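First the proteins, then the strands, lettered A, B, ... as listed; each starts at 1. Please read all numbers here as calculations on a predicted model, not as lab measurements.
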Protein chains: 2
Amino acid sequence: MDVPQPTINRLPRYLFCLEQFTGDSSTISSSELARLADETAATVRKDLSYLGSHGTRGIGYDVNTLRSQIRGKLGLDQSRDIVIVGAGHLGSALATYEGFDEGDLRVVGIYDISPAVIGTRVGDMTVRHVDVMQSDLASRRCLLGIVAVPTGSAQDAADRLVAAGVCGILSFAPTLLRVPRSVFVRHIDLATELNSLSYYVNARRNAL
Amino acid sequence: MDVPQPTINRLPRYLFCLEQFTGDSSTISSSELARLADETAATVRKDLSYLGSHGTRGIGYDVNTLRSQIRGKLGLDQSRDIVIVGAGHLGSALATYEGFDEGDLRVVGIYDISPAVIGTRVGDMTVRHVDVMQSDLASRRCLLGIVAVPTGSAQDAADRLVAAGVCGILSFAPTLLRVPRSVFVRHIDLATELNSLSYYVNARRNAL
DNA sequence: TAGATTGTTAATCGATTAACAATC
DNA sequence: TAGATTGTTAATCGATTAACAATC
């Protein structure tokens with residue numbers, strides 16, 4: 001890996017800040033971006049230098065150029081198709097998530113196993129049975145899959161996604177998924193997120 | 001901060017793995033936990049040494065003891081009350097999230113502004129109007145709040161949570177929230193998570 | 001005892017930061 | 001030119017890791 005891991009992890013946050021950024025000018029200085037992203041100016045400059053260093057001395061970085069450079073480095077210039085397994089509240093929330101609109105992420109299908117929801121509409125899609133997922137997706141390459149089912153069904157959902165040819169899975173189920181080494185799994189555990197928040201709240205209160 | 005930041009960030013993952021762990025024995029070695037958590041055995045031992053080092057040489061760590069030590073260090077032994085603003089799909093999913101059951105996180109209220117959902121049941125709660133949130137919560141101390149509303153309402157939701165006395169906020173809205181310095185904000189941007197997943201999938205495929 | 005595994009030291013490795021020449 | 005800000009070096013800082021004595 002050419003670019004250091006910490007830099008890669010910060011780039012999405014810089015991008016997020018740049019998308020929020022609505023300054024008077026079309027440029028932003030390393031110190032201003034640092035303030036928004038809660039980093040130091042030196043760290044920002046070092047990180048951005050991995051993109052090829054296209055700032056202007058005395059001026060700063062062009063916001064639009066910087067945005068597309070970060071997007072390019074993160075591979076966001078190529079659009080990504082996403083399938084969701086689980087059409088409950090969480091799956092429905094993800095399927096209609098407004099944040100995807102700006103990016104090149106596109107939800108192309110939502111699947112469930114329950115007759116009660118199959119055939120219902122979620123956003124502009126119709127929920128289909130997981131049994132037809134593999135054939136639905138036969139022609140698509142390297143999709144991302146989202147596991148939004150109860151814990152007990154999570155491994156089955158992951159197995160089906162793998163069979164359907166996804167190469168990355170984002171799981172919200174609080175359980176470890178077993179997948180082939182070629183499939184990358186990312187895990188969001190909401191309880192862990194809240195636990196972590198709770199810890200930092202305590203630490204901050206003790207520090208103040 | 002006594003315990004290093006990287007250690008703090010890994011503890012929730014260790015805890016997660018220990019909760020999944022169902023070995024023959026009631027003990028786990030540093031190398032086994034390392035395998036589950038995708039770390040090295042030395043890192044695990046160093047991290048656990050910050051808890052007070054209660055492993056047994058030649059044997060390993062008692063799983064139950066270790067779990068409660070980590071929970072203690074993260075402050076999870078004290079239960080936490082959570083309020084949710086936004087009773088759409090995301091808010092409903094969070095309100096009924098099964099992962100909270102095991103821990104000491106408890107959702108005590110869910111609020112919305114839309115007459116269409118106010119009064120409806122979510123799990124074992126009734127959705128109430130955000131206008132009554134502050135008085136509802138007057139007697140509770142240091143709650144955690146979750147922002148699960150559309151981007152346009154996120155700042156208003158945060159303001160109301162702050163007024164109601166929360167000391168930490170977990171936001172799912174893809175926008176920066178302005179809050180007093182005394183309130184800690186944690187941010188989950190689903191688009192960023194998927195972008196990040198996408199990057200690592202690419203990196204992995206290029207490496208294989 | 002012999003085997004296993006911890007707890008901890010010291011060495012290595014890598015990331016952050018200060019500082020400043022380059023230059024817009 | 002004077003002021004501002006980058007790009008990059010070198011120093012500092014901190015985290016990871018190897019290694020091994022301690023000991024169950």
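Rounding to whole angstrom units, CD of residue Q5(B) and P of dT16(D) are separated by 11 Å. Atom CD1 of I28(A) and atom P of dT6(D) are 10 Å apart (whole Å). Counting to the nearest Å, the P atom of dT6(C) and the CG atom of L51(B) are 14 Å from each other. If you take NZ of K46(B) and P of dG7(C), they are 12 Å apart, rounded to a whole angstrom. Computed from coordinates, the R35(B) CZ to dT5(C) P distance equals 13 Å when rounded to whole Å. Between D38(B) atom CG and dT17(D) atom P there is a gap of 11 Å when expressed in whole angstrom units. Counting to the nearest Å, the C1' atom of dT5(D) and the CG atom of L33(A) are 14 Å from each other. To the nearest angstrom, P of dT9(D) lies 11 Å from OH of Y50(A).
No contact: S31(B) has no heavy atom under 4.0 Å from any strand.
Evaluation of atom-type donor-acceptor distances gives no pair under 3.5 Å for the side chain of R57(B) against the base of dT23(D).
Between T7(A) and R45(A), the residue whose closest nucleotide on DNA chain C is further toward the 5' end is T7(A). Nearest-nucleotide positions on DNA chain C for T56(B) and T40(A) put T56(B) closer to the 5' end. In this structure, G58(A) and A42(A) both approach DNA chain D, and ranking their closest nucleotides by distance from the 5' end singles out G58(A).
Comparing atom distances between the T43(A) side chain and each of dT16(D), dT6(C), dT17(C) picks out dT17(C) as nearest.
In this structure, H187(B) has its ring center closer than 6.0 angstrom to the ring center of F16(A).
OP1 or OP2 of dG7(D) sits under 4.0 Å from a side-chain N or O of Y61(A).
The environment of D77(B) atom CG is dense: over 12 non-hydrogen atoms of other residues, nucleotides or ligands sit within 6.0 angstrom.
Using a cutoff of 4.0 Å between basic side-chain nitrogens and carboxylate oxygens, E19(B) and R71(B) are scored as salt-bridged.
Base pairing of dA21(C): its partner is dT6(D), meeting the Watson-Crick or G-U wobble criterion (both donor-acceptor distances under 3.5 Å). Nucleotide dT12(C) has dA15(D) as its partner under the Watson-Crick or G-U criteria, with both atom distances under 3.5 Å.
One side chain, Y97(A) or D189(B), offers a donor N or O that lies under 3.5 Å from an acceptor on the other. Using a 3.5 Å distance cut-off with no hydrogens or angles, the side chains of D136(B) and Y111(B) do pair a donor with an acceptor.
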